[in-house]
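Notes follow once the structure below has been shown.
Note that the structure is predicted; figures quoted are calculated from it, not measured.
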Amino acid sequence: MQFVIRAFLVLAAAVFLLSEHGVASVVFQAGKKAKYVAPGEEEMSGNAAELFQIAQTAERGGDLKRAIRAYKSLVKRHPRDKLAPTALYHAGQLQEQLHQYTPAADSFRQLVERYPSSPNFEEAIEGQFRAGEAYLNGKKLKVLGIPMASALDRAVTIFANVVRIAPYGKYTARAQFDIGLAREKQGANDAAIQAYQAVVDKFPNEPIAVDAQYQIGYIWFTAAQKGTKDAAAANAKTAFQDFLFHYPKSEKAAQARANLDILEHKQTANSYKVAKFYDKQKYYRAAVIYYNEVIRQQPGSEESNEAKKRIDQLRAKFGDAALQPALAVAQGGKKKSEARGPRTAGTGSAKPGAANNEAPLPAPETDSSLPPPASLAPDTTTAPGPLLPPPDASTSSDTSPAAGASDPEPPALPAP
């Protein structure tokens with residue numbers, strides 16, 4: 001019996017002390033056992049003014065959790081009262097102070113959705129944006145105290161709400177940009193480019209559109225640096241060229257030009273590598289096509305100068321007609337072949353004539369670093385002028401380089 005009395009006295013003292021210090025509360029209900037709850041967790045009732053006063057008193061006293069509880073109870077019980085929007089805004093502010101970013105963003109979202117005429121509408125949009133940036137900048141999303149990997153997804157959700165609710169607001173363009181930034185951090189490049197492109201299309205006059213256009217180019221540029229696919233390099237070049245066209249005075253213009261130079265050199269080096277491959281294999285027609293690509297891509301470069309020298313050497317040895325793509329030669333010499341029969345051009349041992357025009361490109365496993373083939377249509381825009389044909393070559397305009405150059409159909413490739 002003494003043990004029971006002593007235990008009761010200890011329990012009563014503990015309840016008294018906890019209640020004095022605001023750590024716990026005791027709730028008595030008829031016919032039920034006493035229930036102990038933390039301050040702010042007890043059931044709150046009263047009219048809107050009473051609940052608002054409870055919340056204000058708790059907030060001034062530093063009991064933010066109790067204040068949040070009272071504000072949320074007011075909104076839940078009296079959603080149409082004039083104090084409800086203010087209570088919801090205060091709840092969001094206090095949740096943000098406690099670094100409860102997801103609940104804060106949700107409170108601000110409810111405010112702008114349910115009470116769009118509230119004087120705190122813009123502040124609530126800004127509060128959502130701050131919550132999203134907290135997750136974007138490294139704040140870990142936690143569930144039961146355990147960091148989760150979906151913080152960036154949460155940031156995207158919050159930013160998407162800002163864009164949806166206030167499509168032309170102060171923070172909308174930046175929220176759309178941050179969606180792209182979050183997706184880029186996740187490695188979801190397609191989604192990132194789509195988000196950045198939305199900034200460029202919908203907010204072209206916003207300062208953030210400059211960064212969005214640059215990031216599109218940068219994503220493609222990074223992809224081009226990691227592999228040999230021409231598509232990524234071409235997209236990067238287009239994006240940076242668009243950037244320089246629209247924002248030539250941007251502080252990032254110099255870097256965009258430097259990136260373009262890198263892309264040009266990489267593309268030129270790849271084309272030169274392919275040309276040398278064909279040259280070594282004695283597929284001279286294909287080699288000349290790629291040498292011309294080098295000249296077109298980066299005129300004045302070391303590779304371009306070497307390409308010009310090699311083209312001149314091949315023309316001097318085999319004649320210009322023998323180095324034209326097969327389709328141009330076949331179409332230009334069709335009538336002559338019917339009248340005079342087949343002939344070969346030049347006397348070189350490599351036999352770069354018509355029989356070599358059916359060879360496929362080297363198989364991917366031959367050299368996986370080779371890029372996809374460039375267009376095999378002859379390029380006469382920057383290529384060196386043709387040399388005079390050998391004495392035995394026909395002077396008919398049907399077989400002239402210009403006739404081959406104007407043909408729109410892609411030629412066949414050389415054969416071994």
Side-chain angles (χ1 to χ4, degrees), residues 37-61 63-136 139 141-143 148 150-179 182 195 198 202-203 206:
V37 294
E41 296 298 325
E42 69 272 15
E43 190 73 18
M44 291 187 178
S45 60
N47 60 35
E50 291 171 343
L51 288 171
F52 193 82
Q53 185 59 44
I54 292 172
Q56 291 277 284
T57 301
E59 185 176 349
R60 286 193 294 269
D63 193 348
L64 302 187
K65 290 184 178 180
R66 179 176 174 81
I68 292 170
R69 174 73 174 172
Y71 285 133
K72 299 290 276 188
S73 294
L74 188 162
V75 175
K76 181 179 179 181
R77 293 174 178 273
H78 309 283
R80 297 185 179 181
D81 192 274
K82 63 180 181 180
L83 288 172
T86 304
L88 200 52
Y89 178 66
H90 279 290
Q93 284 185 310
L94 298 181
Q95 288 166 329
E96 187 177 1
Q97 288 183 34
L98 294 175
H99 297 169
Q100 299 174 356
Y101 295 110
T102 296
D106 191 59
S107 294
F108 291 136
R109 178 188 58 78
Q110 290 184 51
L111 172 62
V112 296
E113 287 184 339
R114 297 168 64 178
Y115 309 104
S117 61
S118 167
N120 299 120
F121 183 92
E122 290 295 335
E123 290 90 340
I125 292 292
E126 183 178 351
Q128 283 183 276
F129 180 78
R130 286 195 304 268
E133 288 221 317
Y135 288 123
L136 180 65
K139 173 67 179 178
L141 180 65
K142 295 183 178 181
V143 176
M148 305 296 288
S150 58
L152 290 173
D153 284 333
R154 184 58 55 90
V156 168
T157 299
I158 294 172
F159 291 135
N161 284 332
V162 172
V163 174
R164 175 179 58 83
I165 296 169
Y168 302 102
K170 179 181 178 181
Y171 294 94
T172 308
R174 182 55 189 262
Q176 182 66 58
F177 178 87
D178 282 352
I179 291 174
K202 296 178 181 179
F203 311 100
E206 291 285 342

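Interatomic distance, D153 CG to I158 CD1, rounded to the nearest 0.5 Å: 11.0 Å. Atoms CZ and NZ, from R69 and K76 in turn, are 7.0 Å apart once rounded to the nearest 0.5 Å. Rounded to the nearest 0.5 Å, atoms CZ (R130) and OH (Y135) are 14.0 Å apart. R154 CZ to L136 CG: the interatomic distance, rounded to the nearest 0.5 Å, is 14.5 Å. Expressed to the nearest 0.5 Å, how far CG of D81 lies from CZ of R77 amounts to 13.5 Å.
When all heavy atoms of A166 and I125 are compared, the pair lying nearest together is CB-CD1, 4.1 Å. Contact detail for L94 and A67: the closest heavy-atom pair is CD1-CB, 3.7 Å. Residues V163 and A175 approach most closely at CG2-CB, 4.0 Å, considering heavy atoms. Nearest heavy atom pair, residue A195 against residue I179, reads CB-CG2, 4.0 Å.
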Verify side-chain contact (heavy atoms from CB on, under 4.5 Å) between F203 and T172, making sure each step is shown before the conclusion. CA-CA 9 Å; F203 311 100; T172 308; 3.8 Å; yes

Would you check, one step at a time, whether the test side-chain contact (heavy atoms from CB on, under 4.5 Å) holds for Q95 with L98? CA-CA 5 Å; Q95 288 166 329; L98 294 175; 5.8 Å; no

Worked verdict on F129 versus D178 for side-chain contact (heavy atoms from CB on, under 4.5 Å): CA-CA 10 Å; F129 180 78; D178 282 352; 3.6 Å; yes

Evaluation steps, side-chain contact (heavy atoms from CB on, under 4.5 Å), between F108 and E96: CA-CA 10 Å; F108 291 136; E96 187 177 1; 3.9 Å; yes

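Partners of E122 by side-chain hydrogen bond (donor to acceptor under 3.5 Å, both in side chains), not counting sequence neighbours: none found. Every residue meeting the side-chain hydrogen bond (donor to acceptor under 3.5 Å, both in side chains) condition with R114, not counting sequence neighbours, appears here in chain and number order: Q110.
Salt-bridge formation is detected for the pair E113/R164: a Lys NZ or Arg NE/NH1/NH2 atom is positioned less than 4.0 Å from an Asp or Glu carboxylate oxygen. Contact check on R174 versus E133 returns a salt bridge, with a Lys/Arg side-chain nitrogen under 4.0 Å from an Asp/Glu carboxylate oxygen.
Aromatic rings of F52 and Y71 (six-membered ring for Trp) have centroids within the 6.0 Å cut-off, being under it.
Of the possible donor and acceptor atoms, none in the side chain of N120 sits under 3.5 Å from a partner among the backbone N and O of E123.
Under the side-chain contact (heavy atoms from CB on, under 4.5 Å) test applied with Q128, the options D106, V112, L111 reduce to a single match, V112.
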Could you list the donor-acceptor pairs under 3.5 angstrom formed between side-chain atoms of residues 85-92 and any protein atom two or more places apart in sequence or on another chain?
from : atom 1 : to  : atom 2 : distance (Å)
Y89  : OH     : Q93 : NE2    : 3.2

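Between R66 and I54 there is a side-chain heavy-atom pair separated by less than 4.5 Å.
Side-chain atoms of K72 and S107 form a donor-acceptor pair, as typed in the model, at a separation below 3.5 Å.
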